[in-house]
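Convention: sequence-line order gives letters A, B, ...; per-chain numbering from 1.
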Amino acid sequence: MGGANSMKYFHNCHPVVMFSYLIGVIFITMFTMNPIFIGISFLCSISFTFMLFGAKETVKSLLLAMPMIIIIALTNPLFVHKGETVLFFLNNNPMTLEAMIYGLFAALMLVSVFYWFKCYNRLMTSDKFIYLFGQVIPKLALMLSMMLNFVPKFIKQFKAVDESQKAMGIYSGSSYTDKIKCKFRVLSSLITWSLENSIETADSMKARGYGLKGRTSYSVFPWKTSDKLLMSYFGVMIIIVTVGLFTGYADFDYYPKITRMSFEIIPILLYFGGFILMFTSTIMEIKENMLWHYLKSKI
Amino acid sequence: MTYVKRKKLIFSVLMYFVAIPLTILLGVVLFNDRQYSIISIIIAGLACLPFFIRFEKSNASSREIIVIATMTALAVVGRIVFMALPGFKPVTAIVIITAIAFGKDAGFLTGSMSALVSNIYYGQGPWTPFQMLAWGFIGFLAGMIFYKKEKPNMILLIVVGIIGGVIFSLMMDVWTVLALDGAFTMSRYLIAISTSTPFMVLYSASNAAFLALFTKPILEKLNRIKVKYKVFTA
């Protein structure tokens with residue numbers, strides 16, 4: 001299970017569905033400081049990361065994240081002196097348990113947001129991004145797609161000029177300022193080259209009728225039935241959870257005293273809803289993996 | 001670039017004096033004055049919006065679009081190729097020089113798009129709107145002060161470069177504080193500033209150095225493009 005090489009369900013679903021889901025989940029995570037919600041988001045983001053990136057990458061990033069969480073939790077009392085349970089005094093300032101626990105959950109919230117964004121960065125390739133925004137902001141989307149074309153092209157050209165200058169022995173010393181000067185000389189030639197070239201591209205676009213009325217564009221992302229179903233499911237769940245959070249059923253106070261968790265029916269349903277929503281992505285990937293292995297075993 | 005000026009002005013005014021205060025109010029009422037991290041992201045996004053809409057509504061020629069795209073790509077490439085030299089990132093300088101040659105709107109677009117595109121390589125996150133706003137604002141500011149100056153006042157330019165570095169660092173520190181505390185706390189902000197000061201100094205110094213040495217040659221190139229191909233002349 002897991003692993004970075006097998007098929008990914010979310011790679012193949014419609015960009016609108018994937019984008020709304022991830023942005024919805026990230027917003028919900030940032031909306032609330034409820035520890036249970038944050039815990040759910042944390043676990044689900046890690047399980048989804050595991051499904052997308054595999055075990056090695058996930059463990060590696062967790063080893064980096066854990067010390068950060070601990071440091072934030074331990075240092076938060078230095079900045080915040082609210083809270084009733086004083087653990088000890090440092091320079092006449094009270095260090096409170098509440099501040100420490102708040103720090104822990106604030107850090108967990110941040111880390112979960114990072115993990116969701118990690119998944120977002122893996123799934124939201126630039127072609128999908130441009131497809132999403134091309135309709136709403138055509139000029140900016142066009143600009144964006146050009147930039148994404150230019151960047152690797154320019155890097156290649158930069159390296160070509162850089163290497164030929166090195167071969168010609170123009171690179172003088174190895175000091176910091178010399179390096180900057182040489183790199184700048186390359187950058188300078190790149191600027192002239194790229195501006196002239198890009199104007200040519202612009203003229204060619206104009207000659208082919210860019211910006212004329214009535215031009216359509218081809219889309220490679222079909223809006224399948226499964227996308228419709230998934231989108232309506234995500235939409236409903238995101239709205240339910242958001243409304244639930246706004247009504248205050250999952251409100252949670254850290255200061256002056258930590259609220260006792262309420263285990264009435266509505267908050268529990270809310271946590272359950274949040275869990276279902278955030279865990280769906282992992283489930284979809286597990287299902288896709290099983291299907292993949294099943295089909296492979298039949299070959 | 002010529003714009004539908006009046007409509008645009010009304011929209012900006014609405015955005016800055018209605019939408020943003022409303023968002024803050026929403027933060028106070030709905031989140032009990034606590035979750036400012038999410039509110040601040042929305043505000044940073046809203047603040048960028050008038051510039052983007054203005055660009056969409058403008059009749060910018062394909063040449064102008066592509067020149068901005070090229071300058072942005074150059075800024076991003078600069079960030080990537082200078083990675084070997086720690087602390088030296090020419091992004092701010094390229095944004096400022098673009099703004100001097102092509103005006104404040106081109107400056108804002110180059111700055112904000114540089115943030116967006118370079119984060120495609122370095123990773124998007126909740127900080128993206130902040131970087132977009134910070135770099136966009138630096139471009140806008142430079143365009144306001146220096147637009148169309150063949151030989152910008154070098155001392156003033158260096159000051160702007162240093163301020164640019166400081167603004168960028170201070171704004172990102174605000175985000176750090178909001179992300180951790182939910183609301184703004186001065187004590188945490190001071191700590192955040194003190195830990196980021198070495199980077200801020202290095203960054204501002206590299207901006208100043210880059211601007212001092214390379215404004216003239218790059219500006220010459222851009223002005224040449226401007227005259228030769230008649231872009232951004234309106």
Report all side-chain donor-acceptor pairs from residues 145-163 of chain A shorter than 3.5 Å, counting only partners two or more places apart or in another chain.
from	atom 1	to	atom 2	distance (Å)
Ser145(A)	OG	Leu142(A)	O	2.9
Asp162(A)	OD1	Tyr171(A)	OH	2.2

Hey, can you pull the donor-acceptor pairs under 3.5 Å for the side chains in residues 42-49 of chain B, sequence neighbours left out?
none

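The one candidate from Ile218(B), Thr92(B), Ile158(B) that meets the side-chain contact (heavy atoms from CB on, under 4.5 Å) condition with Phe210(B) is Ile218(B).
Less than 6.0 angstrom separates the ring centroid of Phe117(A) from the ring centroid of Tyr120(A).
Among the candidates Gly125(B), Ser118(B), Ser187(B), the residue making the largest number of heavy-atom pairs closer than 4.5 Å to chain A is Gly125(B). When Thr72(B), Val67(B), Val76(B) are compared by the number of non-hydrogen pairs under 4.5 Å with chain A, Thr72(B) comes out ahead. Counting heavy-atom pairs under 4.5 Å between each of Val186(A), Leu110(A), Asn197(A), Thr75(A) and chain B puts Leu110(A) at the top. Looking only at heavy-atom pairs under 4.5 Å with chain A, the residue among Arg188(B), Met71(B), Lys221(B), Met186(B) that has the most is Arg188(B). Annotation: maximal heavy-atom pairing with chain B below 4.5 Å, among Leu144(A), Asp203(A), Ile26(A), Leu245(A), occurs at Asp203(A). Counting heavy-atom pairs closer than 4.5 Å to chain A, the top-ranked of the candidates Ile41(B), Leu116(B), Ile65(B) is Ile65(B).
Tyr21(A) and Phe10(A) have tilted rings, their planes meeting at an angle from 30° to 60° on a 0 to 90° scale. Using a 30° and 60° split on the angle between ring planes, Phe48(A) and Trp116(A) fall in the tilted class, from 30° to 60°.
Contact of Pro126(B) with chain A is made through backbone and side chain together, with heavy-atom distances under 4.5 Å. Only the side chain of Ile225(B) comes within contact range of chain A, with at least one heavy atom under 4.5 Å from a heavy atom of that chain.
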